[in-house]
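Each remark here refers to the structure printed beneath this line.
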Amino acid sequence: MYEYKFVRVELSSFRRRPKEDYQAIVNQHAEEGWRLVQIFAPSTGGDGMANYFELIFEKPKAG
């Protein structure tokens with residue numbers, strides 16, 4: 001069995017760049033035993049671009 005964690009990374013409205021350092025987020029979660037399995041971009045906004053993406057992590061359930 002696995003447990004999953006979803007981390008939302010907001011994108012700036014003008015340049016569509018991540019507001020946070022997503023590489024640091026991935027490295028931090030890896031140190032905690034999480035493995036990045038997917039990056040999910042949701043439906044687009046009115047301008048045709050996503051407002052955020054989600055990093056999806058997994059790790060084996062304890063116990």
Side-chain angles (χ1 to χ4, degrees):
M1 257 343 219
Y2 290 91
E3 61 180 304
Y4 293 89
K5 185 174 186 179
F6 300 83
V7 177
R8 181 179 286 207
V9 177
E10 300 288 337
L11 301 175
S12 66
S13 57
F14 179 67
R15 299 182 81 193
R16 296 294 184 209
R17 296 203 178 181
K19 291 182 178 180
E20 299 176 68
D21 182 354
Y22 66 90
Q23 294 174 343
I25 294 170
V26 171
N27 286 325
Q28 174 191 355
H29 282 79
E31 289 177 10
E32 297 170 5
W34 293 96
R35 183 175 76 95
L36 177 67
V37 292
Q38 186 172 354
I39 299 173
F40 171 74
S43 301
T44 57
D47 58 1
M49 301 187 76
N51 296 321
Y52 67 92
F53 59 87
E54 286 187 334
L55 305 174
I56 304 172
F57 297 92
E58 75 175 4
K59 71 177 178 179
K61 280 190 173 188

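For the single chain, residues carry numbers from 1 onward in sequence order.
Residues forming a side chain to side chain contact (heavy atoms under 4.5 Å, CB included) with Asp21 (at least two apart in sequence, or on another chain): Gln23, Ala24. Applying the side chain to side chain contact (heavy atoms under 4.5 Å, CB included) criterion to Glu54, with sequence neighbours excluded, gives Phe6, Arg8, Phe40, Tyr52. Listed by chain and residue number, nothing satisfies the ring pair (Phe, Tyr, Trp, His ring centres under 6.0 Å) test with Phe53 (two or more places apart in sequence, or in another chain). Contacts of Glu58 classified as side chain to side chain contact (heavy atoms under 4.5 Å, CB included), with partners at least two apart in sequence or in another chain: Tyr2, Tyr4, Arg35, Val37. With sequence neighbours excluded, no residue forms a side-chain hydrogen bond (donor to acceptor under 3.5 Å, both in side chains) with Lys19.
Two residues are said to be in side-chain contact when any heavy atoms from C-beta on lie closer than 4.5 Å; Glu20 and Glu10 fail this criterion. Leu11 is not listed as a side-chain neighbour of Asn51, based on a closest heavy-atom distance of 4.5 Å or more.
Under the 4.5 Å side-chain heavy-atom criterion for Ile, Leu, Val, Met, Phe, Trp and Tyr, Tyr22 and Leu36 are members of the same hydrophobic cluster. Val26 and Trp34 fall within the same hydrophobic cluster, defined by Ile, Leu, Val, Met, Phe, Trp and Tyr side-chain heavy atoms under 4.5 Å apart, directly or through other members.
Distance check: Lys5 NZ to Ile56 CD1 gives 13.5 Å after rounding to the nearest 0.5 Å.
Summarising the geometry of Val7 relative to His29, their closest heavy-atom pair is CG2-NE2, 3.8 Å, with the distance given to 0.1 Å.
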